[in-house]
Amino acid sequence: MCGIVGYLGEEQACPILIKGLHRLEYRGYDSSGVAIINAKGDLNVYKAKGKVSALEESIKEKDTTGTIGIAHTRWATHGEPNAINAHPHYSESKNLALVHNGIIENYKSLRTEMEKNNMTFCSQTDTEVLVQLVEYMMNTHNCDMYTAVQLALKNVIGAYAIAILDKSHPDQLVCARKGSPLIIGLGKSANGRAEFFLGSDATPIIEYTNKVIYLQDEEIAIMDRSGHIDITNLSNVKQTPQLVTLQMNLDQLEKGGYPHFMLKEIWEQPNALRTCIRGRLNMADKDVLLSGILDHKEKFLNCNRIIICACGTSWHSALIGKYFIEEAAQIPVEVEYASEFRYRNPVIYPNDIVIAVSQSGETADTLAAIQLAKSKGAFLYGICNVIGSSIARATDSGTYLHVGPEIGVASTKAFTGQVITLALLGLAIAKEKKTLSDEMFHMLVNELQQIPDKMQWTLEHNKNIDQFAQMFTYCKNFIYLGRGYNYPVALEGALKLKEISYIHAEGYPAAEMKHGPIALIDEEMPVVVIAPKRGMYEKVVSNIQEIKSRKGKIISVVTEGDTVVRDMSDYCFVIPDTRDCFVPLLAVIPLQLLSYYVAIAKGRNVDQPRNLAKSVTVE
Ligand code: M6R
């Protein structure tokens with residue numbers, strides 16, 4: 001949601017912090033700020049509304065010198081997006097400055113308590129309450145900042161990742177987390193002296209070091225200039241951190257010549273999926289190897305039901321996963337919006353497996369949903385992209401997507417990565433349960449192997465979508481239709497268009513049209529129909545006829561060589577033939593490109609659409 005960067009070392013902190021903020025901007029972009037302690041011991045805080053570039057501009061003439069600092073890019077939860085509510089927040093004395101991701105749920109009662117003690121507040125944020133609380137603890141307990149952070153956090157209800165500077169200790173950086181991720185990078189400056197980096201994810205750190213510590217829930221770390229780091233829990237018990245080597249490179253975080261991350265990530269899909277299936281599809285033996293399943297074979301053999309919890313695009317891929325797992329492995333699958341599941345009292349049987357699907361692995365609702373399922377005794381399986389993420393760590397087993405970092409707010413390669421991973425999972429279970437004939441199993445494995453090449457073909461044959469996207473910029477509404485495996489693709493196509501072009505769009509199962517939505521059709525209404533020559537082709541053709549006779553404009557996704565639907569369509573995108581169950585992996589590509597180019601034609605910022613953030617780490 002928001003992004004945190006921190007630095008302590010020999011170098012000037014400001015350029016490192018600003019670069020880090022740019023890398024984290026995809027997590028939130030309504031305001032940003034930096035706090036730096038200079039050589040004289042001044043603690044300077046600068047903040048600006050808007051993008052990081054606005055902050056950069058506003059600090060050009062300011063004193064930003066200093067080798068210790070923290071910075072933040074914000075996606076507003078409490079208080080409108082403006083410079084006052086932006087982080088870092090000073091304490092009342094201006095001796096402390098703090099940045100925070102997450103939500104302090106009891107901030108109002110804490111603030112009232114402190115106001116009774118004549119403390120004053122400048123902003124409406126929960127974060128200012130936290131920094132004031134730390135100072136309050138320092139004053140009332142006559143303790144150092146580190147101890148005060150422990151005391152303050154014991155009084156806090158909610159989620160946090162925080163970093164704090166104390167003007168009277170310009171050689172120390174303190175950070176803590178619960179619920180929101182925080183990573184500490186351990187590097188060496190040019191002269192070989194130790195330096196520390198902080199990041200709410202690895203993106204601001206990887207340029208300097210790949211040696212990191214993932215701070216655990218309720219841990220507090222203190223780092224100093226001599227290279228010393230101490231980590232304790234809230235009760236001051238020393239913790240032993242695990243040093244991890246990041247498997248990521250800088251190129252993955254750059255646009256690589258594309259105008260936007262979204263377009264880069266759309267085009268990366270063939271290679272991303274090759275990496276995803278590498279080592280998992282064994283073509284020599286026509287086999288599927290998923291260690292996450294093999295290590296827990298009995299669980300999957302004895303499971304009576306799978307529940308998949310997810311949000312947004314991940315929910316759409318989960319729906320495709322449901323169709324495939326039920327068909328291939330003959331296990332009933334329920335797909336739940338994590339945000340609903342977590343607040344119900346769902347029935348969980350001892351043999352249930354709960355799967356969380358999440359690109360970021362940090363979505364608050366999905367994390368809470370699996371925590372609830374765990375408390376009810378479920379076995380948890382995670383399908384995440386971000387390695388070491390909270391959901392990946394909270395689950396009993398799982399499979400990483402390995403599609404590389406996804407920076408564009410609109411999810412593209414993570415969607416196809418999730419669909420293919422769920423297909424691998426369905427095949428792996430089907431193999432153990434022997435629910436597919438050998439012939440069918442081998443045929444599906446063969447077909448899956450060809451998907452990346454067919455994706456490349458699809459991209460090459462649909463790259464001219466930009467030439468007619470302009471025609472749709474006047475549209476106020478879109479409808480997307482699909483049946484069977486392609487119904488979730490219709491939902492995903494509609495979501496992509498909504499989130500980056502701000503055009504209202506709805507996805508429906510094609511046959512549901514006549515139960516109400518068909519009333520919306522007139523000559524102004526573009527209807528995108530996924531109509532491959534597979535599955536319920538004839539029925540979809542009838543659905544198209546129903547729309548055409550009401551003058552709707554048909555934009556279709558058809559199988560190469562199909563002339564029937566093409567002739568009925570105003571615009572047509574072609575995909576190669578594949579098995580019914582794998583069509584979503586190809587059909588979604590023209591829909592991703594369509595949403596991208598319509599948004600570009602409307603002048604939208606596709607990588608940072610309004611009101612959105614990449615990972616939704618708050619409720
Ligand atoms: O990181 P997650 O997959 O858990 O995120 C879930 C949704 O927030 C995410 O898919 C969102 O809907 C995207 N913006 C869609 O493009």
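Side chains included, hydrogens not; waters and symmetry mates left out as well; all remaining heavy atoms used. Numbering starts at 1 and runs along the sequence shown. Just so you know, ligand 1 is whichever comes first in the structure, and atom 1 is the first atom listed for that ligand.
The distance from ligand 1 to the heavy atoms of Ser314 drops below 4.0 Å at these ligand atoms: 2 (P), 3 (O), 10 (O). Close approach of ligand 1 to Val409 is summarised as follows: ligand atoms under 4.0 Å from at least one heavy atom of the residue are 13 (C), 14 (N), 16 (O). Atoms of ligand 1 found under 4.0 Å from any heavy atom of Ala410 (numbered from 1 in listed order, with element): 16 (O).
Not less than 6.0 angstrom separates the ring centroid of Phe415 from the ring centroid of His316.
For atom 6 (C) of ligand 1, the nearest non-hydrogen atom from the set Ala356, Ser358, Cys311 belongs to Cys311.
Put simply, the side chain of Glu254 reaches to within 4.5 Å of the side chain of Arg23, judged on heavy atoms.
Note on residues 581-607: pairs passing side-chain hydrogen bond (donor to acceptor under 3.5 Å, both in side chains), not counting sequence neighbours, are His260-Tyr596, Gln269-Gln592.
Residue, atom and distance of the protein heavy atom nearest to atom 16 (O) of ligand 1 are Glu499 OE2, 2.4 Å. Given atom 1 (O) of ligand 1, the protein heavy atom at minimum distance is Ser360 OG, 2.6 Å. In terms of protein heavy atoms, atom 8 (O) of ligand 1 is closest to Val616 CG2, 3.9 Å. Taking atom 4 (O) of ligand 1 as the reference point, the nearest protein heavy-atom neighbour is Thr363 OG1, 2.4 Å. For atom 15 (C) of ligand 1, the closest heavy atom belonging to the protein is Thr313 OG1, 3.0 Å.
Smallest separation of non-hydrogen atoms from Ile277 and Leu448: CD1-O, 4.2 Å.
Looking only at atom types and distance, the side chain of Asn271 has no donor-acceptor partner in the side chain of Lys413 under 3.5 Å away.
Using cut-offs of 30° and 60° on the angle between ring planes, the pair Tyr571 and Phe468 is parallel. Ring geometry for His87 versus His72: interplanar angle under 30°, hence parallel rather than tilted (30 to 60°).
Geometrically, Arg177 does not engage Tyr160 in a cation-pi contact, judged by NZ or CZ lying under 6.0 Å from the ring centre and within 45° of the ring axis.
Considering backbone and side-chain atoms together, Thr366 places no N or O closer than 3.5 Å to any N or O of ligand 1.
If you look at Lys496 next to ligand 1, the close heavy atoms, those under 4.0 Å, all belong to the side chain.
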